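What you see below is based on every heavy atom in this structure, not just the backbone, and it leaves out hydrogens, waters and symmetry mates. This structure is a prediction, so every number in the text was calculated from the model and none was measured.
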Amino acid sequence: MTRTARLVVALTSAAALLTAAACADGSTPAATTSGSVDENAPVTITVGNRPKPDKPADVATFDRNVKKFTDAHPNITVKSTETEWDAQTFQAQVAGGSLPTVMSISFTEPLNMIPNKQLPDITDELKLVDLTKDLNPETLKLVSDDKGRIYGVPFEAFSVGLAYNRALFKQAGLDPDKPPTNWEEVRQYAKQITEKTGKAGYAQLTKDNTGGWMLTTMTYSMGGTVQSDDGKKSTFNDAPTKKALQLLKDMRWTDNTMGTNFLYNQEEARQDFAAGKIGMIMQAPDAYDMCVKNFDMLPADFGEGALPQDGGPFGTLTGGSIKMINPKSSKNEIVAALKWIKSQEFDKYTDQTVAIQNAKDAIADKGFVGRPGVTPLSQETYDQYNKWREPYNNVPVEQFKGYVESTKSLKLLPEPSNKGQEVYALLDPVVQQVLTKKDADIDKLLSDAASKIDARLAR
């Protein structure tokens, strides 16, 4: 997940421009979502997240999936665009009317978009395509209003754990099958890794909103919160967040175990982690995919443990991706979009033939099968899915043991519900200054950040 700052736009402007977008991007023109559904009527949808040309195997798979879908639904025409969610540009896309009919967005978006009427109510259409029963009721809460109406489709979930380099653990005399489970152990392990290998024992994400994101994760692991339940006030200017920052400060300036790079975004950190320059870093298990496929990390060197706790267990941050539908889509477009989502994201979980074929396709495309994660479905459905695919696993699942066990013991705590990305953006400088200025005043940094964030939350 790359996460960068975004702007909030007025509903009136967004609604007006999105009307034009429905025509401009290839979707069937529609002024309202009212009316009945005709599942056999010709309809055109534009789907986002088409792979870029520099990933020819992914493009080929995508095109194959489009053909298979349209062969099964001859009345639906599917156009595609490379549009993808980026926190820095997303609200500008909303304002500029450049959204496709359906695309993936972050978990942090819907709770702001729903009250602003930037997402359509798709509750009835979900039932029509027989999708509601498969979805995890906990993740559905992220896309529902207080009346239980549903405005998006959670399809991909994650929780944060501790990624660690097993090779560096061995070089440092640490047991690679026993990652640290609390923050004091993290500090001790980091010292040993740096002393024995000369590498950064631990590293922290700090920029492009990831600094605030990981500070929030640490705060959760220490029993704190970042925002009030109603989203109207910050809550991080207290003991847990201060303790998290003090730990980082001590590791940086007293222990000198955090290397020399203190301005990491997600991809940069994963590249250095894969290269063996970092011993431990907070990451979700999907870091494995990029580290191994993009940065040539040896699968045997990747380990994933539980998010370290402090006096807990308290929990870990959860997030993920949601399929959103353009709010100006017609009923027929919504149904067509949901059929697309169901075919691409959910049939693989409920159809053994599809699950096995997808596993074979992933291997043929040099992808991964078996990497642990959090299910957007019921646990029973997910367990059955994993059992079907187990013979095709090409990921060393045993190296994720600590993480897998934590999914059963740690609470999954949602990201800040109100202006989450803005909160992260304003917390980035706090983490950066703690790691780059030896005399950084943690109390003042948090107080100043709280004032700025509270002003945003009150709007």
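Applying the side chain to side chain contact (heavy atoms under 4.5 Å, CB included) criterion to Asn75, with sequence neighbours excluded, gives Val43, His73. Take Asp124 and apply the salt bridge (charged side-chain N to carboxylate O under 4.0 Å, His left out) test, not counting sequence neighbours, and it matches Arg149. Residues meeting the ring pair (Phe, Tyr, Trp, His ring centres under 6.0 Å) test with Tyr220, sequence neighbours left out: none. With sequence neighbours excluded, the residues forming a ring pair (Phe, Tyr, Trp, His ring centres under 6.0 Å) with Tyr385 are Tyr349, listed by chain and number. Residues passing the side chain to side chain donor-acceptor pair (under 3.5 Å) test with Lys401, sequence neighbours excluded: none. Legend: residues meeting side chain to side chain donor-acceptor pair (under 3.5 Å) with Lys293, ordered by chain and number and at least two apart, are absent. The side chain to side chain donor-acceptor pair (under 3.5 Å) test applied to Asp71 returns Lys67, not counting sequence neighbours. Applying the salt bridge (charged side-chain N to carboxylate O under 4.0 Å, His left out) rule to Lys147 yields no partners; only residues at least two apart in sequence or on another chain are considered. Under the rule for a side chain to side chain contact (heavy atoms under 4.5 Å, CB included), the partners of Lys141 that lie at least two apart in sequence or sit in another chain are Glu138. With sequence neighbours excluded, the residues that form a ring pair (Phe, Tyr, Trp, His ring centres under 6.0 Å) with Phe368 are Tyr288.
Applying the salt bridge (Lys or Arg N to Asp or Glu O under 4.0 Å) test to every pair with at least one member in residues 40-53, sequence neighbours left out, gives these pairs: Arg50-Asp63, Lys52-Glu84. Identified under the salt bridge (Lys or Arg N to Asp or Glu O under 4.0 Å) test for residues 385-395, with sequence neighbours left out: none.
You'll find the side chain of Ile105 reaches within 4.5 Å of the side chain of Met113, heavy atoms only.
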